[in-house]
Amino acid sequence: LSRQPGFSRWWPGLEEAELLALASGGADAVAFAVVHDGEVIGLAQFYEEDDEEYRHAGIDLGLGDAWQGQGLGTDAVRTLARHLVHERGHHRLVIDPAADNARAIRCYEKVGFRRVGILREYERGADGTWHDGLLMDLVARELT
């Protein structure tokens with residue numbers, strides 16, 4: 001995955017070893033392999049803020065190039081969101097795609113995420129410059 005342009009564009013510098021560490025629980029986030037027809041096609045992960053005054057979960061998703069644009073990302077995000085709402089008890093979820101990642105934003109909106117605002121110069125891109133992010137959130141009652 002880390003060598004595929006459609007994945008590495010949004011997850012720059014993420015090496016295969018880091019992907020394996022994420023998938024094996026070797027990070028602050030809980031990660032899952034996204035599997036389709038027996039093949040690993042991506043990574044979905046979440047983290048939780050457990051402070052009772054600010055309790056929520058944040059999620060991330062990355063799919064291999066050949067699997068983008070087929071509704072598989074929407075299915076993975078919806079499945080993870082339902083798990084976080086129904087099994088983990090979260091009332092609010094957040095996600096922060098790159099502001100120019102139109103495909104990801106459409107995917108998240110299909111699940112019920114709404115645009116909150118632009119995070120200016122939020123992340124450093126592979127080109128070394130700062131790029132804007134988009135903060136999106138979903139309240140449990142809006143989950144589709």
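A quick note: this is a predicted structure, and the numbers were derived from the prediction, not measured.
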Participant: Quick one about Glu121 and His131 (side-chain donor to acceptor, distance below 3.5 Å, no hydrogens or angles considered), yes or no?
Facilitator: no
Participant: Could you tell me if the side chain of Arg55 sits less than 4.5 Å from the side chain of Glu48, heavy atoms only?
Facilitator: yes
Participant: Could you state whether Leu143 and Phe46 fall into the same hydrophobic cluster, counting links through intermediate Ile, Leu, Val, Met, Phe, Trp or Tyr residues with side-chain heavy atoms under 4.5 angstrom apart?
Facilitator: yes
Participant: With a 4.5 Å heavy-atom cut-off, do Gln68 and Asp65 have their side chains touching?
Facilitator: yes
Participant: With rounding to the nearest 0.5 Å, note down the distance linking CZ in Phe32 to CG in Leu80.
Facilitator: 6.5 Å
Participant: What residues join Tyr54 in its hydrophobic cluster, counting side-chain heavy atom gaps under 4.5 Å, either direct or through other members?
Facilitator: none
Participant: Between Gln70 and Leu72 (side chain of the first, backbone of the second, donor and acceptor by atom type, cut-off under 3.5 Å), is there such a pair?
Facilitator: no
Participant: Would you say Phe113 and Leu93 make side-chain contact, with heavy atoms under 4.5 Å?
Facilitator: yes
Participant: For Arg92, check side chain to side chain contact (heavy atoms under 4.5 Å, CB included) against everything at least two apart and list the hits.
Facilitator: His56, Val94, Asp137
Participant: With side chain to side chain contact (heavy atoms under 4.5 Å, CB included) as the criterion, how do Met136 and Leu138 come out once you've worked through the C-alpha distance, each side chain's angles and the decisive distance to 0.1 Å?
Facilitator: CA-CA 7 Å; Met136 303 178 78; Leu138 177 144; over 6 Å; no
Participant: Would Arg114 and Glu142 pass as an ion pair if we require N to O under 4.0 Å?
Facilitator: yes
Participant: Would you say Arg78's side chain and Lys110's backbone share a donor-acceptor pair under 3.5 angstrom?
Facilitator: yes
Participant: Measuring only between side-chain heavy atoms, which start at C-beta, is Asn101 closer than 4.5 Å to Arg103?
Facilitator: yes
Participant: To the nearest 0.5 Å, what is the distance between CG (Leu63) and SG (Cys107)?
Facilitator: 7.5 Å
Participant: State the CD-CH2 distance between Glu39 and Trp67, to the nearest 0.5 angstrom.
Facilitator: 5.0 Å
Participant: Under the side chain to side chain contact (heavy atoms under 4.5 Å, CB included) rule, what do Val34 and Leu61 come out as? Steps first, then yes or no, please.
Facilitator: CA-CA 9 Å; Val34 178; Leu61 173 74; 4.1 Å; yes
Participant: Which residue is it: Leu119, Asp100, Ile118? I am looking for the one with a side-chain contact (heavy atoms from CB on, under 4.5 Å) to Asp132.
Facilitator: Ile118
Participant: Using only atom types and a distance under 3.5 Å, with no angle test, would you say the side chain of Arg115 pairs donor to acceptor with the backbone of Leu135?
Facilitator: no
Participant: To the nearest 0.5 Å, what is the distance between CD1 on Ile59 and CD on Gln45?
Facilitator: 10.0 Å
Participant: Looking at CG of Leu134 and CD1 of Ile95, how far apart are the two atoms once the value is rounded to the nearest 0.5 Å?
Facilitator: 10.0 Å
Participant: Cluster question for you: counting only ILVMFWY and a side-chain heavy-atom cut-off of under 4.5 Å, with indirect links fine, are Val116 and Ile105 together?
Facilitator: no
Participant: In Å and rounded to the nearest 0.5 Å, what is the CD to OG1 distance from Glu109 to Thr144?
Facilitator: 11.0 Å
